[in-house]
Amino acid sequence: MNTLDQQTTSEQAARKRIKDSHTLDADASRLAHFYRGWAPSYDLDVGRDGYCGPKIVAELAGAMQTAYLARERTAIAILDAGCGTGLVGVQLERLGFQLIDGLDLSEEMAERARRTRVYRQVRGGVDLNGLLSDYSSASFDITVCCGVFTLGHVRPDALRELARVTRPNGFVIVSTRKSYAETASFEDEVRSLQNAGILIPAQRLNDGRYVAEEDAHYWVFQVPKKASAPTEERP
Ligand SMILES: C[S@@+](CC[C@H](N)C(=O)[O-])C[C@H]1O[C@@H](n2cnc3c(N)ncnc32)[C@H](O)[C@@H]1O
């Protein structure tokens, strides 16, 4: 097999693994099992597939901090929910963020994120389809979640917990693969959380680059200011 054939075979294998990850029905034990096997080759596979979600999500976090948050970037606490091997954390650190925590369902993916040394703390074994009981309300200025609101992974109602752990006036930034956003009725959940006063859709990048075979939408939500909560930001 020549080098070009080898490259094509590796790309095809990477695409197959990505596709296989979409068939896991948001089942925690299947997801954990799948990512245990994928952790060693994840970065290489998604790199081969042109995955640029982490860069876009991190840059949106940077833009929100510069535009709307009064504190310096180094003092902004960020939760990277579904941090995987740490691709988003690495991009956040590149942009000057320093207080980054991560969580993931897969202990093996979380361990790789720890090894990047850009996170303060990374918790494995945390299921975003349940309650984030180890995390207090309003703990983070920005919560990011990239590549996780995708087929077979996390349900749209996981947004509610991401909003709870984010402080009033803070931001929740997520990517949704286009086919996921449509099939999971993500927008209906957004509307229902907005009506309940839990999140306000603030910005949205439609049809942004994501992976070679499909684009994504990138959403920025703001957590509404509670009537009596003190705040340092402008309204
Ligand atoms: C496609 S990877 C994205 C990882 C990282 N955010 C990135 O952009 O490279 C999806 C990650 O979500 C995690 N995950 C899947 N289902 C989850 C769940 N229910 N709760 C928490 N993490 C989950 C997987 O273990 C995996 O690390």
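Just follow the structure's listing: the first ligand is 1, and inside any ligand the first atom is 1. Here the structure is a predicted model, which is why all the values come from computation and not from measurement. Keep in mind that the numbers below use all heavy atoms, side chains included, and drop hydrogens, waters and symmetry copies.
- Residue contact check: Leu87 has heavy atoms under 4.0 Å from atoms 9 (O) of ligand 1.
- The aromatic ring centroids of Phe149 and His217 lie 6.0 Å or more from each other.
- Looking at heavy atoms from C-beta onward, Leu103 lies in side-chain contact with Tyr135 at the 4.5 angstrom threshold.
- The shell of residues lying under 4.0 angstrom from ligand 1, judged by heavy atoms, excludes Gly53.
- Residue contacts with ligand 1 for Leu128 involve both N, CA, C or O and side-chain atoms from C-beta outward (heavy atoms, distance under 4.0 Å).
- The main-chain N or O of Leu132 is found under 3.5 Å from a side-chain atom of Glu161 such that the two form a donor-acceptor pair.
- When Gly152, Ala32, Gly82, Gly125 are checked for heavy-atom proximity to atom 4 (C) of ligand 1, Gly82 turns out nearest.
- Residue Val126 approaches ligand 1 through these ligand atoms, each under 4.0 Å from one of its heavy atoms: 20 (N), 21 (C).
- Residue Ser106 approaches ligand 1 through these ligand atoms, each under 4.0 Å from one of its heavy atoms: 25 (O).
- Of the listed residues (Val148, Val90, Asp127, Asp104), the one carrying the non-hydrogen atom nearest atom 25 (O) of ligand 1 is Asp104.
- Summary of contacts: the protein heavy atom closest to atom 10 (C) of ligand 1 is Tyr35 OH, 3.4 Å.
- Distances below 4.0 Å separate heavy atoms of Met109 from the following atoms of ligand 1: 27 (O).
- Which of Leu103, Thr150, Leu24, Leu105 comes nearest to atom 17 (C) of ligand 1 through a heavy atom is settled by distance: it is Leu105.
- Counting heavy atoms closer than 4.0 Å to ligand 1, residue Val46 contributes nothing at all.
- Residues Tyr51 and Tyr210 bring their aromatic ring centres within 6.0 Å.
- Among Val46, Thr85, Val144, Leu87, the one residue that satisfies the side-chain contact (heavy atoms from CB on, under 4.5 Å) test with Pro54 is Leu87.
- Counting heavy atoms from C-beta outward, Arg48 and Leu44 have side chains that approach closer than 4.5 Å.
- Taking any N or O of Tyr51, backbone or side chain, at least one lies under 3.5 Å from an N or O belonging to ligand 1.
- Those atoms of ligand 1 with a heavy atom of Pro54 less than 4.0 angstrom away are 8 (O).
- Atom CD of Gln121 is surrounded by more than 12 heavy atoms from other residues, nucleotides or ligands within 6.0 Å.
- Annotation for Arg160: atom CZ does not count as buried by contact number, only 12 or fewer foreign heavy atoms lying within 6.0 Å.
- Residues Val190 and Pro201 meet the side-chain proximity criterion, which asks for heavy atoms closer than 4.5 Å.
- Annotation: atom 16 (N) of ligand 1 to nearest protein heavy atom, Leu31 CD1, 3.5 Å.
- Atoms of ligand 1 lying under 4.0 Å from at least one heavy atom of Cys146, given by number and element, are 3 (C), 5 (C), 6 (N), 7 (C), 8 (O).
- With a 4.0 Å cut-off on non-hydrogen atoms, Ala81 does not touch ligand 1 at all.
- The nearest protein atom to atom 9 (O) of ligand 1, hydrogens excluded, is given as Tyr42 OH, 2.8 Å; this is a heavy-atom distance.
- Proximity of Leu99 to Asp141: side-chain heavy atoms (C-beta onward) are nowhere separated by under 4.5 Å.
- Screening Asn129, Asp127, Leu105 for a side-chain contact (heavy atoms from CB on, under 4.5 Å) involving Val154 leaves a single residue, Asn129.
- By the 6.0 Å contact criterion, CZ on Arg73 is enclosed, its count of non-hydrogen atoms from other residues, nucleotides or ligands being greater than 12.
- Of the N or O atoms in His153, none lie within a sub-3.5 Å distance of an N or O in ligand 1.
- Close contacts between ligand 1 and Gly84 involve ligand atoms 4 (C), 27 (O) [criterion: under 4.0 Å to a heavy atom].
- At least one heavy atom of Cys83 sits closer than 4.0 Å to an atom of ligand 1.
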